[in-house]
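Order of listing sets the numbers, starting from 1, for every ligand and every atom in it.
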Amino acid sequence: MKFLDLQKVNAVYATDLKRIAAEVIDSGWYLLGKYVKLFEEQLSFYLGCKYTVATGNGLDALRLILRAYIEMGVMQEGDEVIVPANTYIATILAITDNRLVPVFVEPDEQTLNLDFSLIENYVTNRTKAIMLVHLYGRCCWGEQVKVVARKYNLKIVEDNAQAMGAKSHICGLSGSYMTGALGDAAGNSFYPTKNLGALGDSGAVTTSDEELAMVVRALANYGSEKKYYNRYQGFNSRMDELQAAFLSLKLKYLDIENERRRVNAETYSILLQNAELILPQQAGEEHIWHQYIVRSSKRNQLQNWLQKQGVDTQIHYPLPPHLQECYPEYNHLSFPLTERLSQEILSLPISSYMGKEELTIIAEAINSFAE
Ligand SMILES: *Cc1c(COP(=O)(O)O)cnc(C)c1O
C-alpha cells in the first residue's frame with residue numbers, strides 16, 4: 001500500500017482538470033492573468049483575509065514575507081525569529097535566506113506544535129517575529145502567543161504549508177479563525193502532496209496587511225510595481241495560470257477532503273490497539289490531518305515490520321533542522337524533546353481517498369507488531 005498515491009488523489013477530478021487545462025492552453029495567456037486573480041480572490045474569501053499573493057511555491061511565500069518586512073524596515077539582517085525546532089527545513093531556510101537568525105524553541109509534547117509557555121524566555125531586543133508552524137495540519141494558535149507578540153511588538157508569521165482548511169477556536173489578529181489568516185501574514189504551499197495540492201509547484205502569501213501584500217507582489221515580480229521600473233531588487237516567483245485554474249477547482253472540495261481525513265484519523269484512534277504506541281490527540285476542526293503521526297520507542301522496527309506487511313510509512317522528519325549538515329553553526333545546540341521525537345515519530349497513510357477497509361488492514365498490521 002502506497003503512502004500517498006497522487007494518481008488516486010487527482011483521479012476524481014481528472015475530467016474537470018483536463019477540461020480546465022485545455023481552457024488555459026487555448027487562452028494563450030499563461031502568467032499573471034485571470035485564473036491567478038480569481039484563485040487569489042477565492043483563497044482570500046475562503047480564509048477570511050484581505051489579500052492573497054500567489055507565488056511559485058511555499059518556500060518562496062515564506063521568504064517573500066520576511067524579505068518584505070526587511071524592505072519595509074520592520075526587521076533587518078541579524079534580527080531574530082522564534083521558530084519551533086521540530087519543523088520542516090523550509091521554515092528555517094526562509095529565515096536564513098534573509099540573513100535573519102532562527103531561534104529554536106521546543107514543541108509541546110501533546111500537540112507537537114510550538115510550546116507557547118517557552119516563547120517569552122527566548123525574546124531578546126533583536127527578536128522581530130514568531131514563526132508559527134501548523135505542523136502536520138494541526139492549528140498552532142493561542143492567547144499566549146498573541147500576548148507575547150503584542151508585549152514585544154513581534155510579527156506573527158504562519159507557516160501554513162501543512163494546514164490549509166484548519167480552524168482555530170481562538171480568534172486571529174484580523175478576526176478570522178482559519179489558519180493562514182490568524183497572524184500578520186502566512187506562507188501557504190500547494191505542493192502536490194499538500195491537502196490542497198496543485199499539479200506542480202505553487203504557493204501563496206496571505207495577509208490582511210495592505211502594504212505587506214503590495215511589497216510581496218512587487219518582490220515576486222522582479223521587484224517591479226510598474227513594468228520595467230524596479231523599486232526593489234526582487235526575484236521571480238509566480239504561480240502559473242494553469243496551477244491557479246486547477247487550484248480553483250480543488251479548493252471547492254478541500255473541506256470535504258479534510259473531513260474524510262478527520263474521519264480516517266478517528267477511525268485509526270479506534271482501531272489502533274498496540275500498547276507500544278502513542279497516538280496523536282484528536283483536535284476537532286483545529287486539525288486537518290496532513291499527517292497522522294504515531295510514536296513508538298521501537299519506531300524503526302515498527303516501520304520495517306509494516307514494510308514487510310506491504311504498508312508504506314514515512315518519517316516527518318528524521319533529522320531536525322538544527323542538526324542538518326547545512327547548518328554547522330547550529331549543530332552544537334541541543335533540543336532533547338525535538339531530537340527524541342525525530343526518533344519516535346512515524347507517519348501512517350491517511351489520504352482522503354482511503355476508507356475503513358484500508359485503515360483496518362494497516363491497523364491490524366500495527367496491532368500485530370510485537371518485539
Ligand atoms: C511543504 C512545506 C513548505 C514548503 O513548501 P513548498 O511549496 O514545497 O516550497 C514549507 N513549510 C512546511 C512546513 C512544509 O511542509
Side-chain angles (χ1 to χ4, degrees), residues 3-4 6 9 39 43 52-67 81-98 100 102 104-105 107 111-114 129-141 156-166 179-180 182-183 185-206 216 220 235-240 242-244 246-247 250 258 261 287-293 314-322 324 326 338 341-342 345 347 350-351:
F3 181 73
L4 173 62
L6 287 176
V9 170
F39 176 66
L43 191 63
T52 296
V53 182
T55 61
N57 55 65
L59 171 57
D60 279 358
L62 293 168
R63 284 165 73 203
L64 281 158
I65 292 167
L66 296 173
R67 175 69 188 281
V81 179
I82 288 173
V83 66
N86 64 327
T87 184
Y88 181 51
I89 194 74
T91 322
I92 310 303
L93 291 173
I95 298 170
T96 57
D97 182 66
N98 281 293
L100 297 163
F104 301 102
V105 176
T111 64
L112 305 183
N113 277 331
L114 192 65
I130 302 171
M131 194 94 125
L132 298 177
V133 183
H134 307 296
L135 196 68
Y136 308 134
R138 179 169 185 158
C139 174
C140 175
W141 188 247
I156 302 178
V157 179
E158 298 169 74
D159 180 338
N160 193 36
Q162 301 191 355
M164 184 59 76
T179 66
L182 295 171
N188 304 275
S189 168
F190 311 110
Y191 183 77
T193 64
K194 301 287 155 94
N195 286 34
L196 177 58
L199 278 64
D201 271 320
S202 58
V205 172
T206 48
V216 165
F235 46 104
N236 174 2
S237 181
R238 300 180 297 219
M239 182 189 287
D240 295 340
L242 195 57
Q243 299 306 338
F246 291 154
L247 287 168
K250 292 186 72 179
N258 282 343
R261 286 176 183 262
H287 207 325
I288 50 92
W289 301 97
H290 176 60
Q291 304 296 352
Y292 185 91
I293 309 286
Q314 289 192 10
I315 297 164
H316 299 100
Y317 301 90
L319 189 65
H322 71 279
Q324 294 286 348
C326 65
T338 295
L341 285 171
S342 72
I345 50 178
S347 307
I350 190 167
S351 330

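The shortest side-chain heavy-atom distance between Phe104 and Ile92 falls under the 4.5 Å cut-off. Residues Phe190 and Met164 meet the side-chain proximity criterion, which asks for heavy atoms closer than 4.5 Å.
There is no side-chain donor-acceptor pair under 3.5 Å between Thr179 and His134. For the residue pair Thr55 and Asp60, no side-chain donor N or O sits within less than 3.5 Å of a side-chain acceptor on the partner. Between Thr206 and Asn188, the side chains place a donor N or O and an acceptor N or O closer than 3.5 Å (distance only, hydrogens not considered).
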Dump the pairs for me: ligand 1 N or O, protein N or O, distance under 3.5 Å, to 0.1 Å.
| residue | atom | partner | partner atom | Å |
| --- | --- | --- | --- | --- |
| ligand 1 | 5 (O) | Ser189 | OG | 3.2 |
| ligand 1 | 7 (O) | Gly58 | N | 2.7 |
| ligand 1 | 7 (O) | Ser189 | OG | 2.7 |
| ligand 1 | 9 (O) | Gly58 | N | 3.3 |
| ligand 1 | 9 (O) | Leu59 | N | 2.9 |
| ligand 1 | 11 (N) | Asp159 | OD1 | 3.3 |
| ligand 1 | 11 (N) | Asp159 | OD2 | 2.7 |
| ligand 1 | 15 (O) | Gln162 | NE2 | 2.8 |
| ligand 1 | 15 (O) | Lys194 | NZ | 3.1 |

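Take His287 and apply the ring-ring contact (aromatic ring centres under 6.0 Å, His included) test, not counting sequence neighbours, and it matches Trp289.
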